[in-house]
Each structure stands twice: as C-alpha cells, then as structure tokens.
Amino acid sequence: MLTQYLLLAVFGIAMAHFEGVVVVYLRKAIGLLDSDSEAGNKELLEQIPKRTIKIEMTREAATIVMLVTLALLVGNSWLDRAMVFLWTFAFWDLFYYVSLYVLIKWPPKLTTIDILFLIPRPWIAPVWFPLGVSLLTIVLIAVFYLLPGIY
C-alpha cells in the first residue's frame, strides 16, 4: 500500500505541474503574466473575460472528475476511496503552488490572496490556507496509514 500512495503522490505532483503550466499559458494569453507580481488574483479576476472564466470552470470540474475517477479505480472501500482522493488532491494542490513559484515566481508571499477555486463561485483566501490544509491532510493520512489497526 505504501508504494500505491507514493505513486498517487507522484501522480498528484505531475498533475499539479501540468495545471501550473496551463495557468502560466492562460495568464500569458490574456496578458496577465507580466502584471504586478505582488497583486493577488482576486484583483485580476475582474480583468479576465467572462467566457474565459467559464472555460476555466470546466477545467476545474475536469480536474475533480479525474481525481474522483482515480479514487474509484484505486480504492477498495469508500473510506479507501476517500483517502485516495484526499491524498492525491492534497499533493496536487500543494505542488500546484510550488510549480507556479518555480515557473513564474508566483505567489511572491504566502499571504498573497488567490482564487482557490471558481466552482460554484470564487473561493478567495491567502495562499497559506490551501497549503496548510494540504499539508495537514498529507500528515493525517500518513499517520492514519502508518498506525496499525486504524486503517
């Protein structure tokens, strides 16, 4: 099972980088890549065409569908599927920000405000929040997995 969870982490990290690259291209395509790096994405949301936001929402939905499908294929029980989903989601979310930082040095600070998700409406918070939730999720699942008799 440890090998399976390591591979799920690798999948989440690869998916995060893929999404980071897509976001870099999207920002460049709509002219936001070279904007003030100190600005949070909340202010940039108003500059993005509504059609692009709708398209972005479909990408977000597809990401969740991919993670749910993976959990359904890999997990053996509902608890196992939930853990697979949360584990992979946490690695994806955490390394999405790592990827953006490596690619374009964004976010410049952990307190930078970001749009975490657009579905069903924008979820807005500082970057430290999803990073903290993802790290906590990874730690809790790792402990849950490592303690005999609990999982």
Side-chain angles (χ1 to χ4, degrees), residues 1-28 32-33 35 37-45 48 52-53 55-151:
M1 183 176 286
L2 181 58
T3 301
Q4 182 182 42
Y5 274 73
L6 288 173
L7 290 172
L8 289 166
V10 169
F11 179 86
I13 293 167
M15 198 167 129
H17 182 67
F18 180 80
E19 182 177 0
V21 169
V22 168
V23 168
V24 169
Y25 289 150
L26 176 63
R27 289 176 66 114
K28 186 68 173 174
L32 299 177
L33 187 59
S35 64
S37 64
E38 292 292 322
N41 282 340
K42 183 179 177 183
E43 293 81 18
L44 297 177
L45 184 61
I48 300 172
T52 302
I53 290 173
I55 292 169
E56 182 66 7
M57 290 171 79
T58 66
R59 185 189 60 76
E60 288 182 353
T63 299
I64 297 302
V65 168
M66 289 188 310
L67 290 172
V68 167
T69 302
L70 180 66
L72 292 171
L73 288 170
V74 172
N76 298 319
S77 67
W78 284 107
L79 177 59
D80 194 34
R81 290 177 183 122
M83 292 197 35
V84 166
F85 175 83
L86 292 171
W87 176 263
T88 311
F89 186 101
F91 274 94
W92 160 68
D93 203 22
L94 179 64
F95 281 89
Y96 165 73
Y97 287 105
V98 170
S99 185
L100 282 180
Y101 190 78
V102 167
L103 294 170
I104 61 173
K105 300 292 184 248
W106 194 94
K109 301 181 287 187
L110 293 177
T111 55
T112 301
I113 301 298
D114 190 23
I115 302 162
L116 309 180
F117 222 63
L118 292 168
I119 300 171
R121 60 181 137 166
W123 301 16
I124 299 170
V127 170
W128 65 261
F129 182 75
L131 294 178
V133 170
S134 293
L135 283 171
L136 182 62
T137 301
I138 291 166
V139 168
L140 288 176
I141 290 174
V143 168
F144 197 31
Y145 167 77
L146 293 173
L147 290 176
I150 291 182
Y151 182 74

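Side-chain atoms are counted along with the backbone in the values below, which use heavy atoms only and exclude waters and symmetry mates.
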Distance-minimising heavy-atom pair for [X] and [Y]:
X: Pro122; Y: Ile115; result: CB-CG2, 4.2 Å
X: Glu56; Y: Leu26; result: OE1-CD2, 3.5 Å
X: Thr111; Y: Pro126; result: O-CB, 3.8 Å
X: Pro107; Y: Thr112; result: CB-CB, 3.9 Å
X: Val22; Y: Arg59; result: CG1-CD, 3.9 Å

In the structure I gave you, are the side-chain heavy atoms of [X] and [Y] within less than 4.5 Å of one another anywhere?
X: Leu70; Y: Leu8; answer: yes
X: Ile104; Y: Lys28; answer: no
X: Trp87; Y: Ile138; answer: yes
X: Thr88; Y: Met15; answer: no
X: Leu103; Y: His17; answer: yes
X: Thr137; Y: Phe89; answer: no
X: Trp106; Y: Val24; answer: no
X: Leu118; Y: Trp123; answer: no

What distance separates [X] [atom1] from [Y] [atom2], expressed to the nearest 0.5 Å?
X: Gln4; Y: Leu7; atom1: CD; atom2: CG; result: 8.0 Å
X: Leu136; Y: Leu131; atom1: CG; atom2: CG; result: 12.5 Å
X: Ser99; Y: Leu94; atom1: OG; atom2: CG; result: 11.5 Å
X: Leu100; Y: Lys105; atom1: CG; atom2: NZ; result: 11.5 Å
X: Phe85; Y: Thr69; atom1: CZ; atom2: OG1; result: 10.5 Å
X: Leu135; Y: Trp128; atom1: CG; atom2: CH2; result: 12.5 Å

Using a cut-off of 6.0 Å, state whether more than 12 heavy atoms not belonging to Phe129 lie near its atom CZ.
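Check fails, neighbour count at 12 or below.
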
If you apply the rule side chain to side chain contact (heavy atoms under 4.5 Å, CB included), what do you find for Ile64 with Phe117, and how did you get there?
CA-CA 11 Å; Ile64 297 302; Phe117 222 63; 3.7 Å; yes

Tell me if the aromatic rings of Tyr96 and Trp92 count as close, with their centers under 6.0 Å from one another.
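No - the distance between ring centres of Tyr96 and Trp92 does not fall below the 6.0 Å cut-off.
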
